[in-house]
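Have a look at the structure below before the remarks.
In what follows, chains are A, B, ... by sequence order, proteins preceding strands, each numbered from 1. The figures here come from the full heavy-atom set of this structure, side chains too, leaving out hydrogens, waters and symmetry mates.
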Protein chains: 2
Amino acid sequence: MTKRALLLIGDGMSDRPCKELGGKTPLQAAHTPNLDRLATEGINGLCDVVRPGIRCGSDTGHLSLLGYDPFQVYTGRGPFEALGIGMDVQGGDVAFRCNFSTIDENRVVTDRRAGRITEGTAELAEVMNGKVIDGVTCYVKESVAHRCALVLNGMGLSSKVSDVDPHEEGKPLSECYALDGSPEGIRTARVVNQFVEVSIELLKKHRINLDREALGLPAANCIVPRGAGQAPNLRPINELHNVNSACVVETGLIRGIGRFVGMTPYDAVGTTGGLDSDLDSMGRLLIDVLVQHNFVLCNVKGPDLCGHDNNPAEKARQVEKLDAMVGMILERSGPGLYVALMSDHSTPCELGDHSGDPVALTIWGEGVRVDAVTRHDEISCGPGSLGRLIGNNVVPILTQFIEVQEKYGA
Amino acid sequence: MTKRALLLIGDGMSDRPCKELGGKTPLQAAHTPNLDRLATEGINGLCDVVRPGIRCGSDTGHLSLLGYDPFQVYTGRGPFEALGIGMDVQGGDVAFRCNFSTIDENRVVTDRRAGRITEGTAELAEVMNGKVIDGVTCYVKESVAHRCALVLNGMGLSSKVSDVDPHEEGKPLSECYALDGSPEGIRTARVVNQFVEVSIELLKKHRINLDREALGLPAANCIVPRGAGQAPNLRPINELHNVNSACVVETGLIRGIGRFVGMTPYDAVGTTGGLDSDLDSMGRLLIDVLVQHNFVLCNVKGPDLCGHDNNPAEKARQVEKLDAMVGMILERSGPGLYVALMSDHSTPCELGDHSGDPVALTIWGEGVRVDAVTRHDEISCGPGSLGRLIGNNVVPILTQFIEVQEKYGA
């Protein structure tokens with residue numbers, strides 16, 4: 001019997017009392033026999049995924065859950081945006097969120113979103129992708145609508161550089177400069193400025209822009225970077241926790257983080273990251289992956305979407321879908337399975353965004369010290385035996401149960 | 001509806017079981033319908049204001065509660081004593097607690113407290129206030145009885161310097177020296193030694209001392225510094241927590257800390273910092289201030305005084321006064337108010353001083369995850385859903401409820 005652990009994240013699943021549910025949270029309102037079985041047979045508590053009161057994102061939340069301290073390793077959204085759209089990002093790379101924008105002949109930004117361009121950005125990105133400037137390779141990839149990402153790969157780079165984006169239309173492009181005056185910052189800023197020049201040169205004559213201009217649409221004639229962040233050099237998760245890890249997730253951002261820390265990614269057919277996602281398919285894949293890997297991260301996105309959309313009833317239904325998936329896993333997995341069930345942050349429906357409330361946490365498996373909690377929800381788990389933990393406490397608790405954690409001391 | 005938060009501190013309010021109250025704490029013994037309403041409708045827990053077991057002061061406690069780490073920013077009592085008597089202190093200033101002492105012609109300290117002088121110290125301080133030595137401005141202000149404070153303002157100062165106070169009568173004044181041999185320490189010590197000379201020169205011929213000598217009283221003929229501390233360069237609280245803050249407090253020390261971190265101070269008529277303080281007046285002011293500011297610190301001093309005086313029955317009465325003030329606030333404040341009710345430290349009556357016990361904590365307002373606790377006291381709050389937090393977790397919890405906290409990540 002191989003012991004193995006499933007870290008099961010209902011994205012944004014924890015909530016606050018909802019008027020529409022008669023003062024219950026979606027977790028309380030949902031019919032969840034399988035989640036409640038985990039709670040009843042497990043140990044329970046609350047978890048501040050980053051720190052108490054902090055409204056974390058899915059990126060900072062998952063970094064913390066996987067055992068990294070976001071306050072040390074998270075310098076900006078750039079690298080995680082790039083990971084999220086499937087770009088290859090290495091530790092030390094400096095990455096930017098960018099817009100395709102429209103500038104005039106005086107380099108004044110006339111439309112920050114290039115008429116909210118929706119098509120052709122892949123081809124526009126492609127012509128610049130891989131350019132080498134001063135020994136630094138510049139990778140570009142399109143994202144949703146007018147957005148794209150820029151990743152700089154090379155030696156001696158720094159994320160302490162200013163935005164090219166003037167953040168306001170009618171203003172000229174800003175020159176990128178080193179915020180701290182460091183040689184690395186100066187070098188990075190020079191590469192960024194040259195890259196912007198290259199983008200202007202290559203985009204102005206691009207067929208897609210000529211077509212847009214012919215149609216009277218704003219040309220996507222410049223790439224405008226902002227929000228520099230440096231990808232951290234993280235110890236690979238398999239080494240950090242002595243596991244053989246995989247991830248089964250639905251969204252680019254979480255898949256990107258999983259790949260970045262060295263997890264093997266698997267995609268279940270029919271999982272869309274939407275409300276219609278096929279969690280049956282995801283459950284079947286999880287059962288298989290848990291044979292090959294002794295530590296598996298799974299993230300189900302549906303609950304978070306309902307939190308952002310202020311839809312508690314649908315959120316409860318998404319929780320019930322997750323419950324059914326858990327039921328299948330409990331039924332078909334052999335002995336030796338441990339499950340940590342939680343959210344990566346709360347997304348209260350009435351707030352419509354992430355909050356700093358702690359999330360419900362249940363840990364289930366052979367030998368846990370069963371407490372009196374019988375429901376997996378934000379209120380019931382409060383008095384549980386786990387007390388109140390922070391996110392990066394969770395994996396060590398799992399690795400000692402699955403018996404892969406080295407003893408610390410003699 | 002503007003969301004806003006009141007951080008309401010009953011100074012030293014938490015306690016231990018008191019024999020005189022049949023084993024109850026003053027919070028348990030008091031009749032507190034309004035505090036109990038907060039507990040019943042809120043979430044509850046225990047809070048270690050600095051760290052578990054640490055007997056903090058009101059200064060270190062409030063620093064921690066406001067989101068600063070006292071272990072990083074608190075180098076000594078000097079700056080906070082100076083703030084407490086209304087002196088202007090800047091980040092980087094080095095400040096000392098001082099005595100007016102009596103020395104003989106050989107600079108031997110014959111009376112460390114100058115006959116416990118009670119009158120005339122303001123005039124004595126005044127003649128030295130503002131002297132400039134080696135580019136450093138020396139500010140002096142009288143405090144209670146023989147005490148005063150010295151603040152050095154200038155470049156390149158250090159608090160790593162020794163005391164001039166020999167801490168024993170019959171011994172000569174000690175020479176101030178740099179504890180770490182640093183250039184800043186050497187410079188600071190030189191200024192301190194010269195300042196002591198100046199004080200001797202100016203005080204010996206002062207009318208008040210000539211009068212005292214005529215009456216056979218010890219002359220206050222020297223200022224004797226001790227307890228150097230450097231005022232930290234703190235990020236202003238409004239910037240740190242993205243709030244518009246104010247404080248309504250009763251004591252110089254807390255008002256000084258509030259001003260130092262950039263809170264707008266308001267004083268309620270009739271609040272004395274004593275047992276007779278007019279909390280009705282304070283409550284009315286709070287209601288007004290909570291219209292102008294979205295984050296307000298209030299400190300009520302009475303409970304702490306009773307703790308130091310070993311008077312549990314009176315402490316319970318002071319708690320009941322606080323309860324009445326809370327009742328008025330709940331009745332007259334509109335929707336959108338959040339309250340965090342707690343103490344800055346425990347002051348157990350039977351100890352007569354601050355202890356390292358955690359304090360009761362209640363957080364109340366729209367959307368909190370109501371738990372089963374129905375009383376705000378040190379025992380009842382234990383099993384509450386907040387669990388056990390540390391002091392600088394409290395403000396982030398409030399700022400995410402009042403929706404001013406930036407999301408950390410994506």
Side-chain angles (χ1 to χ4, degrees), chain A residues 14-19 23 25 28 45-64 70-71 74 76-78 80-81 84 97 227 253 257 344-346 348-358 360 377-384 386-390, chain B residues 1 3 5 7 41-48 52 64-67 69 240-243 295 336 338 340 358 361 363-373 380-410:
Chain A
S14 282
D15 208 294
R16 293 179 185 167
C18 296
K19 289 191 193 70
T25 69
Q28 286 182 306
L46 296 176
C47 182
D48 296 292
V49 177
V50 169
R51 297 283 190 284
I54 299 299
R55 297 177 59 216
C56 67
S58 279
D59 46 5
T60 47
H62 278 79
L63 282 170
S64 185
F71 290 119
Y74 188 83
R77 285 175 61 170
F80 297 92
E81 293 265 331
R97 310 165 70 195
L253 180 61
I257 290 175
D344 55 343
H345 51 74
S346 297
C349 291
E350 294 188 3
L351 185 65
D353 202 347
H354 304 188
S355 75
D357 301 292
D377 66 56
E378 308 84 345
I379 316 295
S380 305
C381 286
L386 286 174
R388 189 161 175 165
L389 300 172
I390 64 168
Chain B
M1 179 185 73
K3 296 195 169 182
L7 176 55
E41 299 175 0
I43 37 175
N44 304 273
L46 296 176
C47 181
D48 297 292
S64 184
L65 283 175
L66 296 177
D69 183 351
L240 182 64
H241 296 301
N242 194 30
V243 291
F295 180 76
Y338 287 81
L361 170 62
I363 294 180
W364 176 91
E366 178 76 21
V368 302
R369 296 169 177 168
V370 180
D371 61 24
V373 176
S380 304
C381 286
S385 280
L386 285 175
R388 189 160 174 164
L389 299 171
I390 65 167
N392 59 29
N393 299 147
V394 175
V395 176
I397 293 173
L398 290 174
T399 57
Q400 57 94 30
F401 276 123
I402 65 170
E403 297 175 33
V404 297
Q405 189 190 123
E406 293 290 322
K407 184 154 60 181
Y408 177 56

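- Heavy-atom pairs under 4.5 Å with chain B peak, among Pro358(A), Cys381(A), Gly84(A), at Pro358(A).
- Proximity to chain B is absent for every atom of Ser380(A), based on heavy atoms less than 4.5 angstrom apart.
- Ranked by non-hydrogen atom pairs under 4.5 Å with chain A, the options Leu389(B), Asp371(B), Val368(B) are led by Leu389(B).
- For Pro348(A), no part lies under 4.5 angstrom from a heavy atom of chain B.
- For chain B, the nearby part of Leu351(A) is the side chain; its heavy atoms alone come within less than 4.5 Å.
- Although no hydrogens or angles enter the test, the distance criterion places no donor-acceptor pair under 3.5 Å between the side chain of Gln405(B) and the main chain of Gly356(A).
- No part of Val395(B) comes within reach of chain A, as not one of its non-hydrogen atoms sits under 4.5 angstrom from that chain.
- With a threshold of 4.5 angstrom between heavy atoms, Ile54(A) approaches chain B through its backbone and through its side chain.
- For Ser355(A) against Gln400(B), the heavy-atom pair with the smallest separation is CB-OE1, 3.4 Å.
- Salt bridge present: Lys19(A) and Glu366(B) bring a charged side-chain N and a carboxylate O closer than 4.0 Å.
- When heavy atoms are compared at a cutoff of 4.5 Å, Glu406(B) approaches chain A solely by way of its backbone atoms N, CA, C and O.
- Counting heavy-atom pairs closer than 4.5 Å to chain B, the top residue among Cys56(A), Gly76(A), Gly382(A), Gly45(A) is Cys56(A).
- Applying the ring pair (Phe, Tyr, Trp, His ring centres under 6.0 Å) rule to Tyr74(A) yields the partners Phe80(A), Tyr408(B); only residues at least two apart in sequence or on another chain are considered.
- Each side chain to side chain donor-acceptor pair (under 3.5 Å) pair with one or both residues in residues 382-392 of chain B, not counting sequence neighbours, appears once here: Asp48(B)-Arg388(B).
- The candidate from Gly387(A), Gly384(A), Pro70(A), Gly61(A) with the greatest count of non-hydrogen atom pairs under 4.5 Å with chain B is Pro70(A).
- The side chain to side chain contact (heavy atoms under 4.5 Å, CB included) test with Pro52(A) is passed by exactly one of Asn393(B), Leu386(B), Ile390(B): Asn393(B).
- Looking at Val370(B), the atoms closer than 4.5 Å to chain A (heavy atoms on both sides) all sit in the backbone: N, CA, C or O.
- Under the 3.5 Å distance criterion, with hydrogens and angles disregarded, no donor-acceptor pair is assigned to the side chains of Ser14(A) and Arg369(B).
- Contacts between Asp357(A) and chain B at a heavy-atom distance below 4.5 Å involve backbone atoms as well as side-chain atoms.
- Residues Arg77(A) and Ala410(B) come closest through the heavy atom pair NE-CB, 3.5 Å.
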